[in-house]
Amino acid sequence: MSGRSRERQAKYQRIAAELRAGIEAGDYEPGQRLPGENDLMAAHGVARMTARQALALLQAEGLVEARKGAGVFVRDFKPIRRRGVERLAHAQWGAGRSVWAADVGERDLVVDSVEVAEEDAPAAVADILGLGEEGRVCVRRRRFVLDDKPVLLSVSYLSAELVRETPIAQPDTGPGGTYARLEELGRRPVRFREEVRSRMPNSEESAHLRMSPGMPVMLIGRTAFDEQGRAVEVNEMVLDASAYVLEYNFEA
């Protein structure tokens, strides 16, 4: 950045840039405490609000996290590289592996909450699944935790008539998960469509994901289609944006 550009920055932005550079250079290591508000006030000759804004900016970027009563620390968390194409390949779930395993490798991914229920289908879901106005769906709600950090909320919708009294309607769907069980039912997914967007989390999402203030979420809506082109699952996911890198590899 040129000297003129730095001059146009607000003081809190310059302080944040200095701290960010220190994090990237390794001067502040993961898990290490950053200088506090009093330290920044003394070092830069600024008001408390300016120092607070600098630290808040780094929190909003997902680089640091505030710990109540202890200060602000460099986040000790390696982002998840979500490989959007490879993870959904039949070679993955068809071999009995979870699609989520493709994202985390040897790291410890835990589903710490699973709720399965039969409910009236939301209108948009009923339309996609072709269920009609009186359609019922099997709803699977899950929270995924990685390295003790909640990173993802997932809600899947499937035709209740199709999956009733099958492992899909149970908390543990077995090796390969839902898609492997759909294959056994003759409704193997052969094509997927994902839509990605972002927004700020609502209060419930923020609480469930234990998110830092100012951090957005990514929303991924996925529809799975069988060989006849019929939708067999709708999955709505809410991701902590600071916890993920979305990667897509495909042939030109």
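Not measured: the values here are computed from a predicted model.
Atom CE of M49 sits in a sparse spot, with 12 or fewer heavy atoms from other residues, nucleotides or ligands closer than 6.0 Å. Environment of CZ in R67: crowded, with over 12 heavy atoms of neighbouring residues, nucleotides or ligands closer than 6.0 Å. The number of heavy atoms from other shown groups lying within 6.0 Å of CD (Q228) is above 12. Within a 6.0 Å sphere centred on CG of D148, heavy atoms belonging to other residues, nucleotides or ligands number 12 at most.
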Check the pair R140 / E233 against salt bridge (Lys or Arg N to Asp or Glu O under 4.0 Å), numbers first and verdict last.
CA-CA 11 Å; R140 301 181 53 83; E233 183 218 29; over 6 Å; no
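Residues L152 and V245 are members of separate hydrophobic clusters, defined by side-chain heavy-atom contacts under 4.5 angstrom among Ile, Leu, Val, Met, Phe, Trp and Tyr. Criterion: ILVMFWY side-chain heavy atoms under 4.5 Å apart, direct or through other members. Under it, M237 and Y244 are part of a common hydrophobic cluster. In this structure, V116 is not a member of the same hydrophobic cluster as L153, with clusters built from ILVMFWY side-chain heavy atoms closer than 4.5 Å. Side-chain heavy atoms closer than 4.5 Å link hydrophobic residues (I, L, V, M, F, W, Y) into clusters, and following such links, even through other members, never connects M211 to V64.
Here E65 does not pair with K149 in a salt bridge; the nearest charged N to carboxylate O distance is not below 4.0 Å. Between D120 and R136 there is a salt bridge, since a side-chain N of the basic residue sits under 4.0 Å from a carboxylate O of the acidic one.
Y179 and Q92 form no side-chain donor-acceptor contact under 3.5 Å, judged by distance and modelled atom types alone. S242 and R75 share a donor-acceptor pair across their side chains, judged by distance under 3.5 Å alone.
At a threshold of 4.5 Å between non-hydrogen side-chain atoms, the residues V114 and D172 do not count as touching.
Residues in residues 161-170 take part in these side-chain hydrogen bond (donor to acceptor under 3.5 Å, both in side chains) pairs, two or more places apart or across chains: E118-R164.
Applying the side-chain contact (heavy atoms from CB on, under 4.5 Å) test to P122 and every residue at least two apart in sequence or in another chain returns V125, V137, Y157.
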